Novice: 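Okay, here's the structure, questions in a sec.
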Amino acid sequence: MPQTPRIPWRKLLYVKQDYPDDHVDDTFLEELQKNANVRHYEYWSVVLESTIISQHISSIVIFVAVFIYLHFGLLSSHALIYIGTAGTAIGYGFWDWSNTMLTPDSNYKRRKIFKGAVLFFLTLLGLTPILKTLTEKTSEDTIWALTVILFLANLAFHDYGSGNRRNIKYPGSLSTNAAIFASVVLASRFKTNLHVFGLMSFAVEWFALFPMLRRQVRSISNRGNLALTIVLFLTATTLFSQISPAIVVIYILGMAFLTFVCPFWLIWIQREIHGPWDEARPKIQHGRSVDYN
Amino acid sequence: MRTYLISAAISFALGYYACNFALISNIYNFTASVPETTHKRYLLYALLILLLLFVLILIPLERIANFEARRLGPLVSALSSLTADPQFAALNQACGVNPVVLGVAIVPFADDMDEQAVRESNEALLASPALLEHKETANLWLTIEIKPTYIPSLKSLHCCGFRYSNVSSEIIFYKQPDARKFQFLSLDPLVLDISQINASGALFDASMSPNAAQKRTKSSMGQARLFISSSGRTVTDDMNVTLQQINYSKETEQAVWDKAEHFLRRRTRSRSMSEAVRDSAVDLSIKVRSKVAVTVTTLWPIIQPFTVRPLMVILFVLRALVEICLWILNLKFPDWVFNGMAIKDMTTTGQQIDLRLQQACFWPWQYFMARKKAWTNTSITRAQYISFYNSMWLVANDIIIGVAFGSFLISNNKYMAEVLQRYVKDYTIDSISAVLEWLTSKNEYPAGLKLNPELNPFLGQLFKWLIEIWADFIISLQPLVPTVINLIGVSGVLGATMSLSLVSDLLAFTTLHIYWFYMVAARIFHWQLTILYSLFNLFRGKKRNTLRHRIDSCDYDLDQLLLGTILFTLLTFLFPTIVVYYLTFTLSRVAVICMQATMETVLACLNHFPLFAILLRLKDPDRLPGGLRLEVCPERYLFLTNSPLPMGAIFFQYSVLWKRLSSHYLTLNVLKCLLSGETIKSIPRLQYPMLPDTRSRFTIHTIKPVLTKFWAFCEETIMDQDSGPLYQVPSSYSSGSFGTRR
């Protein structure tokens, strides 16, 4: 008996088909997607990405070192102000140039930026005498503890991911604010107005403007980013080698761990993905007799 | 013998005590300082009334039983004439039914007759045709036998001619409340708080209530003062109506008695000599009374134009002056002076004067309200009455205490001035400058506080400078202090409350600098706290969304962020210094507020002490009904008594005051104000729970309608001769045969 070819099965419940009710066709799971959103990391790309974090840690370490230099008189406030101003000028030049290169049609206003900068630094200059006496009666231990906590907050909330090169967005603003708070607290330990102003202006340049520049560099070229990382790392090492070799060792080890071990760790823990689709595992609380009847 | 000995010993002891401790002079002083002689008189009255009540309860039971049994005809006609009498229409309406004869009571014993005669007369009575006819026709006919113990019991019950025997019945006795002595029974406790009564409505509804007429129930009024309720018939409305009937039973009984005597006198042919003499004496007294009444009624139209009109004009002018004073007191400053407060709200004295004037405006109205006969709404009139006399007594007491206090002040004014000056200098100037000195001391941490070395001296110097200026000002006022104390003493004539409120104002004046310092410190503190809050939001990268009342995250400009954070740091480290100064002045301000609140409370207690109600409660608890109580007597009868109002209900104003005080001062809100630096306001209108809050606003526009209303009120009450309460005195004389009736 010649068998007429069967009409292929369709995944439609409302159509009467010539198949038994429990028929499972080969096409049934055709459209199943497995781990559609999982990214498989490659070791070296992760290492490259981790430079953002190491850059930021380096910058904090450099700032602390600058404070210690200033505090012990190894660095004059004049020099700091000059270096800061020169660095800011160079950085702004590069930032402006690269911005016009990348997005020529952007219409940001240089005049507004200059006006804001002048106004801000003048206000800072005016506030300096008040800042100088702010924590005079507070003991040093309180200040150091406060600073450490604030810098940790800065580290925790820093905007690592976004490529935002124009301004600071939430929650990155919290990080910046914490750093500025810490700088004010540190600056208030100084005895002269010039020291206070120097450290404050450096802090503003270092924590508010420099991260934007770093993001800019990263978006332009990976090689530049790498170079910047190495420069910051070396600067931090050199500056701190004068102060405390132990910290330098800890710093180097930490950076090595962050740059080389952590990416490996990340890839290692991602070899198996857990999720709500896993079968449930009973959680047995220890120290309590469980009665299963 | 022994009693003599004991009494001799007691009298000796008393005499010894009196000699040694000047008891007599103490007692004399005490009695002299007792405000009015009425206290003593009322106490005496209370004793007498209790005695009288005792006699009155026992005697008429028998009398009326005899009377009714023997003279049914006059009783029936008396009752029917009572029903027709327009003066009793309101009463009958309030009671629900007209009075009818319910039955007959048999007394099988008598003092002046032997048993045989009594039995015969009783049999004759039961067989009399009028009684038999009633028994056949009446809806309800009771035959009650009075036992030798004066306790009645139901013998038989006829309903439309049918006899029902073995009816289970409950007989409830009650002590007859005397409406003329303002005694009454009520299911609900008497509410003394007249501010809860809708005052304007009560004035017009009190005379007659149409609701009571609709609530006609079948339960009728027993003339033998027994109320028989068959089981399952008691509904709440019935209960109220019955209580109403009980409340007016005395008046009805009196009226029935008078009417019946009137009918009897017309019928009796022969009278004994003594009876004739007595009756003629009664007639004579009635004639004399009616003569007086006639002269008053005839003279009245002649006197009236010369007395009433000028009286009204004087009253009216006084009232107008009071209104103008009230208007001035309630005048508000423009907004830029003293935050637009009214004059009376700035000073305690102003509030006290305002209270007294408002009371004075309220009194005449309340007086007539209390005097008005309310057939249905007894409790409102009673509450008004108590409230009125309470406030009168309080004012009198207030003045007496005030005069004593004032004379003390005036006689000791030099010493008091010295003490006052010393205290003011010690506590309001020296102590504060000492604290400021301590806070600003160099090279030291006061109480371990790490104050900012620049801001702290600045604030310290500022406040020290201000306090020096204030001290100079206060010292320049020193010669005036004895005069001020004299003034306070003289104001005692207007009452101790006036002196007290002046003292409170004096305290407020001498601590004015503390108030200013507090305001300055609080303003700075509050301002800094607000800035810190918003800068903290900025620090977190958030912003307050005023449209949705929530905190949103926000992206600030770079310069905003940086400057905001620097200012935040700055203010955070300056904050403790500000807090220290704020706390210093806040605590002193809180101390002043506590003192003022204490004075205010004392003032409120003086203004609201329920003196009259307490005396009433002691003298005659029946006047303050707090509900009903049924007591089981021997021989299984029930006795309905009034359970008097508890003391808590009498002191209701104090609980109200405490509630208002605690809800104003002991709340989280005050704590919040303290912590956030907002100014703590003192409590407004603490003194007014005794006044119906009809007029909360006093403007120039309200004066005219109020005065016209007052004029109309005067005309209604004074000019109206028929129903006016003032004129009811002669009208009660003219109806001499009716007994007294108000």
Side-chain angles (χ1 to χ4, degrees), chain A residues 112-124 126-139 142-143 146 150 153-154 157 159 164 166-188 196 200-201 203-205 207-209 211-212, chain B residues 439-460 528 531-545 550-581:
Chain A
K112 194 183 162 220
I113 290 174
F114 277 115
K115 212 172 107 184
V118 168
L119 205 64
F120 174 74
F121 279 102
L122 283 180
T123 318
L124 192 62
L127 287 176
T128 304
I130 306 177
L131 294 180
K132 191 177 67 179
T133 61
L134 201 58
T135 60
E136 199 176 279
K137 295 270 180 90
T138 318
S139 79
T142 319
I143 300 293
L146 198 61
L150 286 165
N154 170 258
F157 291 104
D159 179 14
N164 190 359
R166 291 284 164 76
N167 54 9
I168 298 166
K169 283 223 161 75
Y170 180 81
S173 56
L174 176 57
S175 152
T176 314
N177 289 337
I180 297 294
F181 198 112
S183 321
V184 171
V185 171
L186 285 180
S188 66
V196 175
M200 276 316 298
S201 54
V204 169
E205 288 150 6
F207 287 113
L209 306 176
M212 285 196 275
Chain B
L439 282 177
T440 51
S441 52
K442 288 262 164 63
N443 301 323
E444 237 181 275
Y445 297 106
L449 297 165
K450 287 157 188 176
L451 304 176
N452 188 277
E454 306 290 325
L455 186 62
N456 180 24
F458 167 69
L459 287 176
Q528 186 155 12
I531 293 179
L532 266 180
Y533 176 68
S534 49
L535 284 180
F536 178 66
N537 277 338
L538 178 137
F539 182 80
R540 292 188 302 162
K542 306 252 177 175
K543 191 165 91 173
R544 194 181 144 73
N545 187 339
R550 64 175 188 199
I551 309 280
D552 286 341
S553 53
C554 167
D555 295 321
Y556 290 93
D557 286 343
L558 188 61
D559 47 350
Q560 283 175 339
L561 269 186
L562 296 175
L563 211 59
T565 311
I566 291 172
L567 286 177
F568 177 67
T569 322
L570 202 76
L571 292 180
T572 311
F573 280 94
L574 292 184
F575 193 55
T577 316
I578 303 283
V579 170
V580 165
Y581 278 91

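Source: prediction; values computed, not measured.
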Novice: Locate the shortest heavy-atom distance separating B:Leu535 from B:Gly564; write the atom from each residue and the value.
Specialist: CD2-O, 3.7 Å
Novice: Let me know if A:Leu119 has heavy atoms under 4.5 Å from chain B in its side chain, its backbone, both or neither.
Specialist: neither
Novice: Checking heavy atoms, do the side chain of A:Leu127, its backbone, both or neither come under 4.5 Å from chain B?
Specialist: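 The side chain, not the backbone.
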Novice: Select, from B:Leu451, B:Asp559, B:Thr572, B:Leu574, the one with the greatest count of heavy-atom pairs under 4.5 Å involving chain A.
Specialist: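 Highest number of pairs under 4.5 Å: B:Leu451.
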Novice: Side chains of A:Thr176 and A:Ser173: donor-acceptor distance under 3.5 Å anywhere?
Specialist: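 Note: A:Thr176 and A:Ser173 side chains miss the donor-acceptor criterion.
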Novice: Could you tell me which of B:Thr565, B:Leu563, B:Leu561, B:Ile566 has the largest number of non-hydrogen atom pairs under 4.5 Å with chain A?
Specialist: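 Of the options given, most contacts go to B:Thr565.
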Novice: Could you look at A:Thr123 and say if it's the side chain, the backbone, both or neither that has a heavy atom under 4.5 Å from chain B?
Specialist: side chain
Novice: Give, as side chain, backbone, both or neither, the part of B:Leu567 having an atom under 4.5 angstrom from any heavy atom of chain A.
Specialist: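 Contact with chain A: side chain only.
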Novice: At a heavy-atom distance under 4.5 Å, which candidate from B:Leu538, B:Leu455, B:Asn452 has the highest pair count against chain A?
Specialist: B:Asn452
Novice: Checking A:Thr142 against A:Ser139 for the side chain to side chain donor-acceptor pair (under 3.5 Å) test, could you report, in this order, the C-alpha distance in whole Å, the side-chain angles of both residues, the deciding distance, and whether it holds?
Specialist: CA-CA 6 Å; A:Thr142 319; A:Ser139 79; 3.0 Å; yes
Novice: So, using side chain to side chain contact (heavy atoms under 4.5 Å, CB included) as the criterion, who are the partners of A:Phe157 when residues are at least two apart?
Specialist: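 Only A:Ala153, A:Leu174, A:Ser175 meet the side chain to side chain contact (heavy atoms under 4.5 Å, CB included) criterion with A:Phe157.
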Novice: Roughly how far, to the nearest 0.5 Å, is the CE atom of A:Met200 from the OG atom of A:Ser183?
Specialist: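 The distance works out to 5.5 Å.
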Novice: Look at the aromatic rings of A:Phe181 and B:Phe539 and report parallel, tilted or perpendicular, splitting at 30° and 60°.
Specialist: perpendicular
